[in-house]
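See below for the structure under consideration.
Chain naming here is simple, since letters A, B, ... match the order of the sequence lines and numbering starts at 1 in each.
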Amino acid sequence: MYQAPRGTVDILPQEQAYWRYVEQKAAHICQLYGYERIDTPAIEDAGLFNRSVGEGTDIVDKEMYTFDDRGGNKLALAPEGTASVCRAYLEHGMQNLPQPVKLYYISSMFRYERPQAGRYRQHRQFGCEAIGSDDAALDAEVIDTAWQFYLSMNISQLFLALNSIGCKECRPVYLNALREHYVQHGDKICVDCNVRLVKNRMRLLDCKKPSCQPVADTAPKSVDYLCQPCAEHFDKLQRYLGLLGIPFGVNHRLVRGFDYYTRTVFEVQPQGGGSQGSLGGGGRYDGLIEELGGKPTAAVGFGLGIDRIILQLKEQKIDVSPLAKPRVFVAFLGDAARDEAIKLAASLRRNGIGVIQAIGSRSLKAQLRQANSLAISRAVIIGEEELKAGTVILRDMTSASQQTVPIARLPELLK
RNA sequence: GUGAGUGUAGCCCAGAGGCCUAAGGCGCCAGGUUGUGGCCCUGGAUAACGAGGGUUCGACUCCCUCCACUCACCCCA
């Protein structure tokens, strides 16, 4: 027997109400904030992610699905959404649109990881990207978009972690300070951190090993090394978030796993931990468009994990409205009546009434049993007698009462 | 990549070397006399007990290997 590939799941009918709920809220929020939907391919040139997310990051080095297609092109399954949107922005000359250009997507991301709760090899993200401005007001608006999205779904007990990691001017200075600090304490840190010290210094702060905590806690903070423009930007952002009434905490150790981030980084975390600690995150990426061959273009955005959001919805027991189902069941007795049932079901549907038609030749008992187990409230029964009389039995399954009515009146009676 | 736990019908699970030709519940199908569901009753279908190898007179039950799933680490959504 075949199984879904490791780390992938079937989203079964009974799960679909959650997905629709989340996707509708996302679309609504985007409409409110002026984001337009974009859908980018699931596959991209592998180089796009190498360049943007960055070689040396876990995502590119060990989690990306890359393959050669039959034409010899190096392709990759998208591990995240921002790079694709930026590629599309450039490819379609969106720098000629009024800036900032605001785009959103809902699409699948692929990462080759060991699956566990809230973590899959294919997961779906809702992401927003606002490209073409470095105004801190845009950062604030983007964060507000994400925050209001969670609120609109009635998810509570969330925490917004914020940090600024500087720009290409001030970050090198900071990284030097970080190195000095870690070199001084080199004997106290774990093996991974010794690797990070050389390969991915920013991520030193991210280490969760107890033994590394003292060193990480006392490490220099990026916000203390921001250049004048970056510092002002971060101040403004915090002020704007205050204006918007969004609670946040500056986390000096918040670092994200993509190389393209500059200045603002943020993460939305469930308060009780769980769901892998992060429901979504984002930040500013002022160098990315240029890195991809465009003119220097500032931008900011986020990606939120829908699978994890749904886990939260369930954990917080949030009701999502069930999907509409057919309300009418058409049952019949005998072959002649079957013809009439087929015509009747079709005509009701053409009148906008959802119908489940009895299929096969089962006893009336079995047909009604099916109607009952499908929780359909009204049954229409056509037998030989009704056929002759041009009538039909309309049965109310909840009250168990029924009446004989002319077939022509059904559409209005069932409306 | 590392570590731990689990693997018996569509689902939940009992069984712990022979009494298992594998039990029960849910679900599914059919019947309980004429053309009527939900409750109840009766019957039925569905499992080579994750796969392969080994120990044994005998293995679903013990051992080994593999695979899968789950959870955790890493990292992230």
Side-chain angles (χ1 to χ4, degrees), chain A residues 1-9 12 14 22 53 56-64 78-82 106-127 146 190-193 195-196 200 203 206-210 212 254-258 265 267-270 273-282 302-312 329 331-334 337 358 360 362-387 393-402 404:
Chain A
M1 290 272 278
Y2 290 109
Q3 284 177 289
R6 172 164 237 197
T8 67
V9 291
L12 298 170
Q14 61 267 30
V22 175
V53 175
T57 61
D58 281 8
I59 287 182
V60 165
D61 286 0
K62 34 187 243 208
E63 294 177 359
M64 200 156 73
E80 62 97 40
T82 302
I106 292 175
S107 56
S108 284
M109 306 302 162
F110 302 86
R111 295 178 199 170
Y112 190 84
E113 301 185 89
R114 287 288 290 269
Q116 60 182 288
R119 177 211 236 115
Y120 312 99
R121 289 185 174 179
Q122 176 182 5
H123 74 277
R124 295 209 247 177
Q125 286 189 25
F126 158 46
C190 68
V191 273
D192 287 340
C193 278
V195 176
R196 293 188 183 107
N200 221 319
R203 207 96 63 66
D206 215 17
C207 187
K208 278 140 202 137
K209 289 222 169 65
C212 293
L254 178 65
V255 187
R256 311 219 67 240
F258 307 107
V265 290
E267 215 166 271
V268 178
Q269 301 158 347
S275 287
Q276 300 307 320
S278 172
L279 284 185
F302 61 72
L304 316 179
I306 301 180
D307 306 74
R308 287 184 184 180
I309 287 168
I310 289 173
L311 247 30
Q312 267 312 302
F329 189 91
F332 65 90
L333 284 138
R362 300 203 285 177
S363 66
L364 182 60
K365 180 186 201 141
Q367 293 179 56
L368 289 178
R369 193 166 26 225
Q370 189 190 1
N372 186 62
S373 63
L374 292 175
I376 293 178
S377 53
R378 323 186 78 169
V380 173
I381 303 165
I382 313 173
E384 305 291 339
E385 287 171 30
E386 289 74 24
L387 197 56
I393 296 171
L394 178 55
R395 180 177 177 80
D396 185 308
M397 298 295 281
T398 357
S399 65
S401 61
Q402 60 184 39
T404 302

Counting only side-chain heavy atoms from C-beta out, which of [options] sits nearest to [X]?
X	options	value
A:Ala117	B:rA30, B:rA72, B:rA77	B:rA72
A:Asn372	B:rA30, B:rG35, B:rG38	B:rG38
A:Glu385	B:rG35, B:rA77, B:rU2	B:rG35
A:Ile381	B:rC73, B:rA30, B:rG35	B:rG35
A:Gln125	B:rA77, B:rC69, B:rU36	B:rA77
A:Gln402	B:rG35, B:rC74, B:rU36	B:rU36
A:Met397	B:rA77, B:rA68, B:rG37	B:rG37
A:Phe258	B:rA72, B:rC69, B:rC76	B:rC76
A:Lys365	B:rG38, B:rA77, B:rU36	B:rU36

With a 3.5 angstrom cut-off on both distances, give the Watson-Crick or G-U wobble partner of [N], or none if there isn't one.
N	value
B:rC73	B:rG1
B:rC20	none
B:rU55	none
B:rC66	B:rG50
B:rC26	B:rG10
B:rG38	none
B:rU61	none

What integer distance in Å separates [X]:[atom1] from [N]:[atom2]?
X	N	atom1	atom2	result
A:Tyr120	B:rU70	OH	C1'	11 Å
A:Glu113	B:rU2	CD	P	16 Å
A:Asp396	B:rG38	CG	C1'	13 Å

Please figure out whether A:Arg203 or A:Pro115 has its closest RNA chain B nucleotide nearer the 5' end.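 Comparing both residues, the 5'-ward one is A:Pro115.
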
Which comes earlier along RNA chain B counting from the 5' end, the contact point of A:Ser363 or that of A:Glu386, where each point is its nearest nucleotide?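 Counting from the 5' end, the first nearest nucleotide belongs to A:Ser363.
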
Yes or no on side-chain contact (heavy atoms from CB on, under 4.5 Å) for A:Ile376 and A:Met397, after CA distance, side-chain angles and deciding distance? CA-CA 7 Å; A:Ile376 293 178; A:Met397 298 295 281; 5.8 Å; no

Classify the side-chain pair A:Gln122/A:Thr8 by whether it contains a donor and acceptor separated by less than 3.5 Å.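 Note: A:Gln122 and A:Thr8 side chains miss the donor-acceptor criterion.
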
Minimum-distance pair of heavy atoms, taken over all atoms of A:Arg203 and A:Asp58: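 For A:Arg203 and A:Asp58, the tightest heavy-atom pair comes out as NH2-N, 4.1 Å.
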
Identify whether the glycosidic angle of B:rA4 places it syn (within 90° of 0) or anti.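 This nucleotide is in anti.
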
Taking atom P in both B:rU6 and B:rC64, compute the distance separating them and give it to the nearest angstrom.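 Pairwise P distance, B:rU6 against B:rC64, rounds to 14 Å.
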
B:rC62 versus B:rG15 - spacing of their C1' atoms, nearest Å: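 Looking at atom C1' only, B:rC62 and B:rG15 are 16 Å apart.
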
Below 4.0 Å: OP1/OP2 of B:rC69 and any side-chain N or O of A:Arg6: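 Looking at the OP1 and OP2 atoms of B:rC69, one of them is under 4.0 Å from a side-chain N or O of A:Arg6.
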
Does A:Arg114 make a side-chain donor-acceptor contact with the base of B:rA72, cut-off 3.5 Å?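 Flag unset: no donor-acceptor pair detected.
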
